[in-house]
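First the structure, in the form of structure tokens, and then the observations on it.
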Amino acid sequence: MPKVLFITNHRKDRSPGQRFRFEQHLDFLEKNGYEITFSYFLNERDDRLFYSSGNYFHKVRILIKNIWMRAMEVITANQYDIIFIFREATVLGTSLFEKWMAKSKAKLIFDFDDSIWIDNVSEGNKNLSFLKNAKKTSDIITVCDLIFAGNQYLADYAKQFNKNVRIIPTTIDTQEYQRIPISKQDNKVCIGWSGSFSTIQHFKYALPALTEIKKKYGDKISVKVIGDAKYKNEELGVISLNWNKEDELKELSSFDIGIMPLPDDEWAKGKCGLKGLQYMALEIPTIMSPVGVNSEIIQDGTNGFLAFDKEEWIDKLSQLIESDEKRKAMGLAARKTVVEKYSVASLKERYLSLFNQLIK
């Protein structure tokens with residue numbers, strides 16, 4: 001039975017990147033003869049401390065824990081047939097652990113879903129940014145046997161350092177992602193955004209258009225933000241909630257329109273369209289900025305809308321607000337796209353075959 005060590009930072013069901021990149025495939029790999037070991041270093045308590053401001057004593061303890069775990073995995077690397085690394089083995093700015101693991105008999109897979117070669121430090125850890133080194137990404141890619149890139153933009157970057165690159169899109173479990181019927185107490189059209197406290201700045205790119213939409217439609221619309229309960233906008237009357245796994249499908253199902261605004265920059269080009277795919281899987285008509293893979297996912301006007309500037313956002317939001325029929329038709333087309341191209345079911349056999357080919 002081939003053995004695979006999955007190396008990542010977070011526990012299961014905590015990180016969207018992990019959930020929608022590889023965690024959804026673990027059961028299928030096990031059913032097809034793979035023995036899985038899942039290795040993460042941030043438990044729930046350490047997670048809270050690590051991303052908060054200050055707490056430097058605890059953060060040093062957590063970093064030492066990370067180093068110790070990865071050192072032990074270097075020592076035991078020969079026990080595995082494949083070592084799968086999601087983004088990095090350690091949060092420190094070194095690629096030594098990956099380089100040491102590459103010297104073992106195990107084949108290394110590297111998976112990434114963002115432009116992680118660009119510096120991007122969380123707000124709570126800006127004072128520790130000197131410990132990071134985004135440029136280590138190229139070193140890690142160089143020593144791995146197979147690269148999983150979330151889109152073409154990421155694949156083009158990886159191919160500079162490794163020829164064995166495969167585009168593996170972020171996928172949705174469409175058996176789990178079924179829209180939950182919501183009984184509304186009002187007839188408002190809910191415009192929704194889902195993300196986190198670290199990506200709330202992306203929601204703000206839609207504010208100029210949303211402000212005009214609020215003026216135009218008043219109480220006919222509502223605006224909901226999932227992922228940052230502290231976010232406030234009195235002018236729009238935003239309903240803000242924290243994300244949690246248990247309520248995710250119910251809260252997303254309350255959206256009548258889903259939005260994914262993004263800046264047109266190098267970091268955003270590496271995004272894999274997850275928010276949009278989540279909306280689309282739930283038959284929610286979706287408007288995205290035409291940045292990176294979004295322009296591949298959306299056929300403008302058919303399975304969603306692409307909106308470049310404020311005027312386009314206002315126009316396309318207005319079309320959906322004013323037509324329940326258009327929202328329904330676009331939502332059905334959106335789910336069809338996800339089922340056929342971006343679902344776990346559509347990708348699982350290819351995912352398995354890449355593992356099989358690697359150990360052969």
Side-chain angles (χ1 to χ4, degrees), residues 113-115 118 120 150-157 167 169-170 189-196 198-217 220-227 231 233 235-236 238 252 255-323 326-327 329-331 333-338 341-342:
D113 62 340
D114 269 320
S115 305
I118 299 171
N120 186 42
N151 60 40
Q152 187 65 56
Y153 180 75
L154 301 178
D156 289 343
Y157 170 80
I167 297 176
T170 295
V189 176
C190 179
I191 302 169
W193 177 90
S194 178
S196 68
S198 63
T199 57
I200 191 67
Q201 69 266 24
H202 294 160
F203 170 73
K204 295 174 183 177
Y205 283 92
L207 287 180
L210 289 174
T211 300
E212 293 302 315
I213 286 291
K214 185 65 175 176
K215 291 176 183 176
K216 184 176 180 180
Y217 293 101
K220 186 176 179 179
I221 67 155
S222 63
V223 181
K224 181 179 283 189
V225 164
I226 297 173
Y231 178 75
N233 188 303
E235 188 175 7
L236 292 176
V238 172
L252 287 174
F255 293 2
D256 295 295
I257 302 168
I259 62 171
M260 187 180 175
L262 285 175
D264 189 5
D265 61 22
E266 297 305 301
W267 180 263
K269 286 176 184 175
K271 290 289 181 185
C272 294
L274 173 58
K275 294 181 186 68
L277 292 171
Q278 287 178 283
Y279 308 149
M280 293 169 70
L282 296 174
E283 300 181 12
I284 300 167
T286 300
I287 307 178
M288 296 184 178
S289 296
V291 176
V293 77
N294 291 359
S295 298
E296 297 175 25
I297 295 170
I298 293 290
Q299 295 173 286
D300 190 40
T302 302
N303 64 349
F305 276 133
L306 295 170
F308 177 73
D309 55 22
K310 176 183 171 181
E311 286 68 32
E312 283 193 356
W313 275 95
I314 292 171
D315 172 54
K316 291 171 178 179
L317 281 166
S318 297
Q319 289 186 49
L320 292 174
I321 291 167
E322 293 174 10
S323 175
K326 179 168 282 191
R327 293 200 302 272
M330 194 168 278
R335 178 165 173 90
K336 185 173 184 288
T337 297
V338 176
K341 297 181 179 179
Y342 300 97

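From a predicted model like this one, the values you see are computed outputs, not experimental measurements.
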Exercise. Roughly how far, to the nearest 0.5 Å, is the CD1 atom of Ile321 from the SG atom of Cys190?
Worked result: 11.0 Å
Going by atom type alone, with no hydrogens or angles, which donor-acceptor pairs under 3.5 Å involve a side-chain atom of residues 269-278 and a protein atom two or more places apart or on another chain?
residue: Lys269; atom: NZ; partner: Glu266; partner atom: OE2; Å: 3.3
residue: Lys271; atom: NZ; partner: Asp114; partner atom: OD1; Å: 3.4
residue: Gln278; atom: NE2; partner: Tyr177; partner atom: OH; Å: 2.8
residue: Gln278; atom: NE2; partner: Glu248; partner atom: OE2; Å: 3.1

For this session: Report yes or no: does Arg335 contribute a side-chain atom to a donor-acceptor pair with the main-chain N or O of Ala281 at less than 3.5 Å?
Result: yes
For this session: Check whether any side-chain N or O of Gln201 sits under 3.5 Å from a backbone N or O of Ser198 as a donor-acceptor pair, and report yes or no.
Result: yes
Exercise. Shortest non-hydrogen contact from Asn294 to Leu306?
Worked result: O-CD2, 3.8 Å
Exercise. How far apart are the closest heavy atoms of Ser318 and Ile213, and which atoms are they?
Worked result: OG-CD1, 3.5 Å
For this session: Give the intermediate values and the outcome of side-chain contact (heavy atoms from CB on, under 4.5 Å) for residues Ile226 and Phe255.
Result: CA-CA 11 Å; Ile226 297 173; Phe255 293 2; 3.6 Å; yes
Exercise. Within the distance-only criterion (no hydrogens, no angle test), does the side chain of Asn303 pair as donor or acceptor with the backbone N or O of Ile297 below 3.5 angstrom?
Worked result: yes
Seminar exercise, completed: Here the pair of heavy atoms bringing Pro263 nearest to Ala268 is O-CB, 3.1 Å
Exercise. With side chains defined as the heavy atoms from C-beta onward, is the minimum distance between Leu262 and Tyr205 less than 4.5 Å?
Worked result: no
Exercise. When you look at Leu210 and Ile259, which way does the side-chain contact (heavy atoms from CB on, under 4.5 Å) test go after all the steps?
Worked result: CA-CA 11 Å; Leu210 289 174; Ile259 62 171; 4.2 Å; yes
Exercise. Can Phe305 and Gln319 be said to form a side-chain contact (heavy atoms from CB on, under 4.5 Å), step by step?
Worked result: CA-CA 10 Å; Phe305 276 133; Gln319 289 186 49; 3.6 Å; yes
Problem set entry | Pairwise side-chain contact, Lys316 with Leu320, heavy-atom cut-off 4.5 Å (strictly under) | no
Seminar exercise, completed: Tightest non-hydrogen contact, residues Met330 and Pro285, listed as CB-CB, 4.1 Å
Problem set entry | Heavy-atom side-chain contact between Val223 and Lys214 under 4.5 Å | no
Exercise. Parallel under 30°, tilted from 30 to 60°, perpendicular over 60°: which one fits the rings of Phe203 and Tyr231?
Worked result: perpendicular
Problem set entry | Close side-chain approach of Thr199 to Ser196, heavy-atom, < 4.5 Å | yes
Exercise. Any side-chain heavy atom of Leu252 within less than 4.5 Å of one from Tyr279?
Worked result: yes
Problem set entry | Distance, nearest 0.5 Å, that separates CG of Leu207 from CD of Glu212 | 12.0 Å
For this session: Can you measure from CE (Met288) to CH2 (Trp313) and round to the nearest 0.5 angstrom?
Result: 9.5 Å
Problem set entry | Nearest heavy-atom neighbours spanning Arg327 and Asp256 | CD-O, 3.7 Å
Problem set entry | From Lys215 atom NZ to Ile314 atom CD1, the distance as rounded to the nearest 0.5 Å | 9.5 Å
Problem set entry | Ile257 vs Ile221 side-chain heavy atoms within contact, under 4.5 Å | no
Exercise. Would one find more than 12 heavy atoms of other residues, nucleotides or ligands at under 6.0 Å from atom NZ of Lys220?
Worked result: yes
Problem set entry | Full working for side-chain contact (heavy atoms from CB on, under 4.5 Å) between Glu296 and Asn151 | CA-CA 10 Å; Glu296 297 175 25; Asn151 60 40; 5.6 Å; no
For this session: Count the heavy atoms of every other residue, nucleotide or ligand shown that sit under 6.0 Å from NZ of Lys336, and state whether that count exceeds 12.
Result: no
Exercise. Where do Trp193 and Pro261 come nearest, in terms of heavy atoms and distance?
Worked result: CD1-CD, 3.8 Å
Problem set entry | Heavy-atom check, side chain of Glu312 versus side chain of Asp315, under 4.5 Å | no
